[in-house]
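Note that ligands are numbered from 1 as they come in the structure, with each ligand's atoms numbered from 1 the same way. No hydrogens, no waters, no symmetry mates; every other heavy atom, side chains included, goes into these values.
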Amino acid sequence: MAKNKRDIRAFTKEQLRSFFETQGDKAFRGNQVYEWLWQKSAHTFEDMTNISKETRQMLEDNFVINHIKVDQMQRSSDGTIKNAVRLHDDLIVESVLIPTKTRTTACVSSQVGCSLDCKFCATARLKRMRNLNPDEIYDQVVAIDNESRLYFDRPLSNIVFMGMGEPLMNYNNVLKAIDKITSPEGLGMSPKRIIVSTSGVPKMIRKMADEQVKFKLAVSLHSAIDEIRTSIMPFNAKFTLADLRESLEYWYLKTKSRITYEYVVWDGINDTQNDANALVDFCRFAPSKVNLIEYNPIDDGEFQQAKNAAIEMYVSTLERNGITVTVRRSRGKDIDAACGQLANKS
Ligand code: SAH
């Protein structure tokens, strides 16, 4: 009965090996199945051609492979691709392929919806339904790798956890997915090519530091002044800037890894010299990079991209203080695939 079947990708290799032993088979069969599940990303037991028919049937009777399905793929005029991804329980998340001349970046989701309440983000308007499992995160990456090979003739090169959800609120599953992505038994990608982006959950940043993770960290800051940050990112009332800053100092102490800040400058919200100075004060304790990202309007006009003069003021203030700064243009806007626009609209 389908109800009692277990999700086979929740099993470790060791567990699969002992499962086969208890079936009176060789432990090695577990390695073979594991390879099909992860490295070869098999969608069905039928695909496992070096496994006997009887064994495949036995697996079929006991387990399911909850593979994602790319329900709909949209291509932007700039080459960006957005996938609407259907999960086994029919919930939908989105992931995005972002091509440049030399790279393909996958922007993947970590939760269905989001529990945070950033006022400027379309995903925040969806209820957080559930966390994604490690295999559901992994599958999004595999789907984009396949699309990259098909449409751009090269493998995926980078991954950013900047899709739907707050990765540090689904920490264990995100870490398990990254383990699979970086393992030679999975996709074998370098952790240096992976960025986990967070709105800033201090406790989890400290935990990541303690665990000496090898991927990179980005923080969606948007303001270094508590009052302003709380007004646009209300959870900041609980996770204050002082606490966030302390956790980042700890991160840097432990990992020596540069921190990237994502920052949108809005008209009348955070566009003064005082705001830029606060940003400098916040991030100059460690080597930092600030990405000034373009605002992607999400309908109601409450937020507006700051004037060019304000962006230039930020750039010169940061540069004067020795902080690397880039001004990033959005990609995939015409298909609602840009930062903060993921909301299962089509
Ligand atoms: N929750 C994580 C992962 C989401 S990343 C995080 O906050 O980092 C999505 C990025 O897009 C974040 O930097 C977010 O602040 C930014 N963003 C959200 N809405 C946006 C919008 N409308 N325009 C531009 N950037 C936006």
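Contacts between Gln341 and ligand 1 below 4.0 angstrom, taking non-hydrogen atoms only, are absent altogether. For Thr198, every heavy-atom contact with ligand 1 shorter than 4.0 Å involves the backbone, none the side chain.
Interatomic distance, Phe161 CZ to Ser95 OG, rounded to the nearest 0.5 Å: 11.0 Å. How far NZ of Lys26 is from CZ of Arg29: 6.0 Å, rounded to the nearest 0.5 Å. Atoms CH2 and OG1, from Trp36 and Thr44 in turn, are 9.5 Å apart once rounded to the nearest 0.5 Å.
Among all non-hydrogen protein atoms, the one lying nearest atom 18 (C) of ligand 1 is Gly340 CA, 3.4 Å. Distance from atom 7 (O) of ligand 1 to its nearest protein heavy atom, with residue and atom name: Ser199 OG, 2.7 Å. In terms of protein heavy-atom proximity, atom 25 (N) of ligand 1 is nearest to Cys339 CB, 3.4 Å. Of the protein's non-hydrogen atoms, the one nearest atom 9 (C) of ligand 1 is Met162 O, 3.7 Å. Considering only non-hydrogen protein atoms, atom 14 (C) of ligand 1 sits nearest to His222 NE2, 3.8 Å. With hydrogens left out, the protein atom closest to atom 23 (N) of ligand 1 is Asn296 N, 3.0 Å, a heavy atom. Taking atom 24 (C) of ligand 1 as the reference point, the nearest protein heavy-atom neighbour is Glu294 O, 3.4 Å. At the top of the distance list for atom 10 (C) of ligand 1, counting protein heavy atoms only, stands Glu262 OE2, 4.0 Å.
Residues Leu16 and Leu37 have side chains in contact (heavy-atom distance under 4.5 Å, counting atoms from C-beta outward). A 4.5 Å side-chain heavy-atom check between Arg206 and Trp251 finds every atom pair outside the cut-off.
The shortest N/O to N/O separation between Phe120 and ligand 1 falls below 3.5 Å. Looking at ligand 1, you'll find an N or O of Ser220 within less than 3.5 Å of one of its N or O atoms. When only interatomic distances are considered, the shortest N/O to N/O separation between Gly165 and ligand 1 falls below 3.5 Å.
Under a cutoff of 6.0 Å and an axis angle of 45°, Arg229 and Phe239 do not form a cation-pi pair. Because its NZ or CZ atom is not both nearer than 6.0 Å to the ring centre of Tyr138 and within 45° of the ring axis, Lys180 does not count as a cation-pi partner of that residue. Tyr252 does not carry Lys254 over the face of its six-membered ring by the limits of under 6.0 Å from the centre and within 45° of the normal.
Between Phe19 and Phe63, a ring centre-to-centre spacing shorter than 6.0 Å is recorded.
Those atoms of ligand 1 with a heavy atom of Cys121 less than 4.0 angstrom away are 18 (C), 19 (N).
Within the 4.0 Å heavy-atom shell around ligand 1 one finds Gly163.
Results of the salt bridge (charged side-chain N to carboxylate O under 4.0 Å, His left out) test with Glu136 over Arg86, Arg130, Lys176 single out Arg130 as the only residue that passes.
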